[in-house]
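Structure first, commentary second.
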Amino acid sequence: SQEELRRAIYHGARESKEHLHLKDLLCRSMAADPLCSKPEVEKRFYSPVEIEKWRQPDVRATIGGRHIAFEVQRSSTFIDVITERWNFYTNAKIFLMWILQRLNEEYQLFTVKDVLYGNNRNVYVVNEETLERSLAERKFILACHYHEPDVTGGNVTPVWRSRFVSLDSLHFDAQRNRVYAFDAETEFANALAAPPPSLRLNGLDSLRDSFEEFWLN
């Protein structure tokens, strides 16, 4: 059962030192940004629309007029847990951001993939380097990792890109409760809809050649 799996994963342990450290990095990064309110750590929050329901986010703050809940993700969890939290915060009109301590671009846990694809192929990392940048720039800085489409030989494949971003530079999609730096959804749709380079250069006369090239390669 899920409960048995949870016990096997956590062994009834309290929060790890790394989990606590990551929450501390989040709070110190926010404290450097004058647009951020004082963060609330592990404080119970009751939904304004479903008053019997509550969550206890790792960190919650108001930043630039937006209410944001930050959940630190370090271990595997179930997709229904991610979905339940997303539903709760969406109904409560609060943006949800999952925060990682690191990302292995060659291999991701299914939990990371669930977060990645649910957030327009953007995931965020907070660590000592992002804290240093936050303190230096007096802005809440995160490392954003995202998928960018690569078009080669008529095929569209995702490649990893990363850059440092300030929270106030991100796009906040309230309708779908997504916070992203790169609009991967639109870029992939455009890449898939675009004709092959040979067709763009040579016109419709090269359609047969493009067709044959696609199937042969």
Side-chain angles (χ1 to χ4, degrees), residues 5 22 66 68 70-87 89-90 95-127 129-130 133 137 139-217:
L5 287 170
L22 193 49
R66 296 184 176 95
I68 306 175
F70 298 88
E71 293 283 7
V72 172
Q73 184 57 47
R74 291 196 55 258
S75 58
S76 297
T77 191
F78 298 96
I79 182 62
D80 64 322
V81 173
I82 295 175
T83 302
E84 187 278 329
R85 293 189 189 184
W86 184 87
N87 287 334
Y89 290 117
T90 300
F95 287 101
L96 171 61
M97 293 183 68
W98 293 90
I99 302 296
L100 310 178
Q101 187 173 31
R102 63 184 66 87
L103 175 71
N104 183 343
E105 295 184 354
E106 299 298 323
Y107 170 79
Q108 297 93 48
L109 297 170
F110 282 114
T111 298
V112 176
K113 292 179 185 291
D114 292 334
V115 171
L116 172 72
Y117 287 101
N119 194 51
N120 202 358
R121 300 189 185 221
N122 288 232
V123 292
Y124 299 102
V125 169
V126 169
N127 52 31
E129 186 177 5
T130 62
R133 288 176 176 267
E137 299 181 31
K139 284 188 174 184
F140 183 13
I141 303 295
L142 309 96
C144 179
H145 299 259
Y146 56 91
H147 278 167
E148 186 176 80
D150 176 70
V151 183
T152 303
N155 298 316
V156 179
T157 56
V159 294
W160 280 105
R161 297 285 186 261
S162 62
R163 67 176 189 258
F164 293 102
V165 297
S166 61
L167 193 73
D168 61 0
S169 70
L170 302 180
H171 179 76
F172 288 79
D173 181 355
Q175 184 176 5
R176 300 175 67 177
N177 200 340
R178 305 187 301 179
V179 182
Y180 55 87
F182 180 77
D183 190 357
E185 190 175 86
T186 298
E187 294 299 324
F188 273 88
N190 291 339
L192 291 167
S198 59
L199 185 59
R200 292 199 299 267
L201 293 173
N202 303 323
L204 292 175
D205 291 340
S206 65
L207 181 58
R208 182 186 298 276
D209 292 339
S210 298
F211 179 84
E212 292 179 351
E213 180 186 1
F214 173 82
W215 287 106
L216 290 173
N217 295 288

Please tell me if the side chains of [X] and [Y] come closer than 4.5 Å, counting only heavy atoms from C-beta onward.
{"X": "Leu100", "Y": "Trp98", "result": "no"}
{"X": "Tyr117", "Y": "His147", "result": "yes"}
{"X": "Phe164", "Y": "Glu137", "result": "no"}
{"X": "Glu71", "Y": "Val81", "result": "no"}
{"X": "Asn155", "Y": "Asn217", "result": "no"}

So, for [X] and [Y], which heavy atoms are closest and what is the spacing to 0.1 Å?
{"X": "Val125", "Y": "Gln101", "value": "CG1-O, 3.3 Å"}
{"X": "Val156", "Y": "Ala191", "value": "CG2-O, 3.9 Å"}
{"X": "Leu142", "Y": "Val126", "value": "CD2-CG2, 4.1 Å"}

Exercise. Are Arg161 and Phe182 in a cation-pi contact, defined as NZ or CZ under 6.0 Å from the six-membered ring centre and within 45° of the axis?
Worked result: no
Exercise. Should the pair His145 and Trp160 be assigned to parallel (<30°), tilted (30 to 60°) or perpendicular (>60°) ring geometry?
Worked result: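 Plane angle over 60°, so perpendicular.
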For this session: Please name all residues satisfying salt bridge (charged side-chain N to carboxylate O under 4.0 Å, His left out) with Glu185, sequence neighbours left out, ordered by chain then number.
Result: Arg176, Arg178
Exercise. Yes or no on side chain to side chain contact (heavy atoms under 4.5 Å, CB included) for Thr157 and Thr152, after CA distance, side-chain angles and deciding distance?
Worked result: CA-CA 8 Å; Thr157 56; Thr152 303; 5.8 Å; no
Problem set entry | Stepwise side chain to side chain contact (heavy atoms under 4.5 Å, CB included) check, Tyr146 with Arg121 | CA-CA 5 Å; Tyr146 56 91; Arg121 300 189 185 221; 5.5 Å; no
Problem set entry | Worked verdict on Arg102 versus Asn127 for side chain to side chain contact (heavy atoms under 4.5 Å, CB included) | CA-CA 8 Å; Arg102 63 184 66 87; Asn127 52 31; over 6 Å; no
Problem set entry | Audit row: Val112, Asn104, side chain to side chain contact (heavy atoms under 4.5 Å, CB included) steps and yes/no | CA-CA 10 Å; Val112 176; Asn104 183 343; over 6 Å; no
